[in-house]
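In this text, all values refer to a predicted model and were calculated from it rather than measured experimentally.
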Amino acid sequence: MNKMLPDPRRRPNHPGGVDAPLSVKLQTRPSVGVALGAGAARGWSHIGVMLELREHGIHPDVVAGTSIGAVVGGCYAAGKLEHVETFARGLTKKTVFGMMDVSFSGVGLLAGGHLKRRLHQALGGRRLEDLGKGFAAVATEVGTGHEIWLTKGDAVEAICASYALPGIFEPVRINGRWLFDGALVNPVPVTVCRALGAEIVIAVNLIGDNGFRATVIDDRLSLEPTLEEFTVAVEELPRRGGFFGAFRGSHRRHFGKREDGAPGIGSAMMDAFNIAQGRISRSRLAGDPPDVIINARVSRVGLFDFHRADELIEMGREAARRAIPEISEFIALTPRGEESAP
């Protein structure tokens with residue numbers, strides 16, 4: 001005699017024998033995304049932000065980064081946050097200067113080979129789609145100005161494209177497109193996090209201390225103190241002719257000041273780019289505001305002060321610490337996404 005198998009659509013002892021759903025809805029926490037903004041050396045504060053979030057049990061599911069934000073974000077997504085932290089903390093004025101390899105291509109002042117090799121040590125061979133977290137690097141297409149979201153392909157190439165500041169670094173060619181710094185179009189990529197599925201977006205803004213308030217950028221954003229330090233470093237190179245003599249002269253012309261006080265090519269471009277970036281970020285953040293914004297107070301640090309990682313990381317941790325209560329409240333109050341399970 002055959003046993004009657006229970007109908008899988010019916011729940012035992014269910015009042016009235018009403019059909020039960022074929023799947024059960026499991027509640028999960030809301031998906032959290034972090035948008036790491038551009039800011040050159042100030043971007044080392046992103047490391048502190050990510051460390052502090054992790055310490056408080058907040059583990060972002062999605063990370064989108066622009067420029068230096070793509071460097072830190074990509075390393076975080078690949079599980080290499082400690083690697084980039086160790087590298088940043090080990091930088092000195094001389095080692096930073098040593099990584100500024102002058103380009104002779106005529107496309108950019110710096111070739112960026114040293115930085116690329118460092119990234120390969122951490123991420124070599126990794127592809128964006130295979131990283132442990134959802135990640136996108138933002139770049140700008142040369143000529144069209146299109147905003148490009150890099151979510152597939154070689155991770156190192158994508159990150160290099162995202163920080164390829166026009167005129168400073170050489171652009172990067174990916175899938176037939178020449179790309180450079182994404183800060184020209186989206187300095188703090190909140191929109192990218194939302195497109196990748198983040199229900200709560202935390203933005204880390206490094207452009208000034210006042211977020212996107214209507215303020216005038218002040219003189220503290222000047223690069224002069226750092227450029228003077230780099231000029232001193234150049235003078236410490238062997239004092240002889242040939243390559244080193246030409247390199248000293250080239251560095252002074254590009255990153256220092258002329259005798260009449262006018263800025264060099266590099267410093268002028270960086271200053272202009274930083275001003276434009278500030279205006280763009282305020283507009284983009286006002287149009288698509290994040291749920292929580294972390295404003296790291298890093299204006300007193302120069303854009304080329306890569307050797308000040310220790311204090312920048314602590315600034316990032318402090319900024320994130322101030323925002324933890326607000327972030328926790330958003331996570332607790334946001335309706336959580338649902339996923340089906342048999």
Side-chain angles (χ1 to χ4, degrees), residues 26-39 42-86 88-89 122 128 131-138 151 187-207 209 211-212 281 285 288-298 309-339:
L26 298 180
Q27 296 293 323
T28 63
R29 68 169 178 78
S31 174
V32 177
V34 175
L36 300 179
R42 297 167 185 167
W44 290 148
S45 60
H46 289 319
I47 299 173
V49 170
M50 302 308 289
L51 290 172
E52 193 68 21
L53 292 178
R54 186 174 66 184
E55 191 170 298
H56 285 82
I58 300 169
H59 304 280
D61 308 282
V62 170
V63 181
T66 298
S67 198
I68 186 69
V71 175
V72 176
C75 290
Y76 169 81
K80 298 288 186 177
L81 186 61
E82 279 72 20
H83 185 102
V84 71
E85 179 188 6
T86 300
R89 290 186 186 274
L128 294 174
L131 299 180
K133 304 277 187 181
F135 173 72
V138 179
T151 59
V188 188
V190 173
T191 49
V192 185
C193 282
R194 297 202 192 282
L196 292 178
E199 296 171 277
I200 297 173
V201 178
I202 304 164
V204 186
N205 178 42
L206 307 179
I207 312 300
D209 293 340
F212 48 89
S281 65
L285 289 172
D288 186 10
D291 298 294
V292 179
I293 186 165
I294 296 175
N295 285 306
R297 297 171 181 171
V298 293
D310 287 346
E311 53 188 301
L312 282 163
I313 290 172
E314 183 52 40
M315 289 176 187
R317 295 195 74 131
E318 180 185 346
R321 205 174 295 129
R322 293 194 302 268
I324 290 297
E326 186 179 5
I327 295 171
S328 300
E329 183 179 3
F330 259 100
I331 292 175
L333 295 178
T334 300
R336 301 179 177 183
E338 296 180 333
E339 60 181 26

Side-chain touch [X]/[Y], heavy atoms, less than 4.5 angstrom:
X    : Y    : answer
Y76  : V84  : no
C75  : E85  : no
D291 : I327 : no
S45  : L206 : yes
H59  : K133 : yes
V34  : C193 : no
I68  : W44  : yes
P290 : L285 : yes

side-chain hydrogen bond (donor to acceptor under 3.5 Å, both in side chains) against [X], all qualifying residues, sequence neighbours excluded:
X    : result
R54  : E82
E329 : none
T191 : N186, R284

Specify the closest pair of heavy atoms between [X] and [Y], including all atoms of both residues, with the distance to one decimal.
X    : Y    : result
A323 : V292 : CB-CG1, 4.2 Å
V188 : A35  : CG1-O, 4.1 Å
G43  : V72  : O-CG2, 3.8 Å
G73  : V63  : CA-CG1, 3.7 Å
D288 : V190 : O-CG1, 3.6 Å
R317 : G48  : CG-O, 3.3 Å

**Request:** Nearest 0.5 Å please: distance from the CE atom of M315 over to the CD1 atom of I313.
**Result:** 11.5 Å

**Gap separating the CG atom of L131 from the NZ atom of K80, nearest 0.5 angstrom** = 11.5 Å

**Asked** Taking only residues two or more places apart in sequence or in another chain, which ones pass salt bridge (Lys or Arg N to Asp or Glu O under 4.0 Å) with E326?
**Response** none

**Prompt:** Listed by chain and number, what are the salt bridge (Lys or Arg N to Asp or Glu O under 4.0 Å) partners of E314, not counting sequence neighbours?
**Reply:** R321

**Asked** For the side-chain contact (heavy atoms from CB on, under 4.5 Å) test, which of L36, V298, N295, I294 pairs with N205?
**Response** N295

**Asked** Does H46 use its side chain to pair, donor to acceptor, with the backbone of G37 at less than 3.5 Å?
**Response** yes

**Message:** Once salt bridge (Lys or Arg N to Asp or Glu O under 4.0 Å) is applied, what residue pairs with a partner in residues 66-78 remain, sequence neighbours excluded?
**Reply:** none

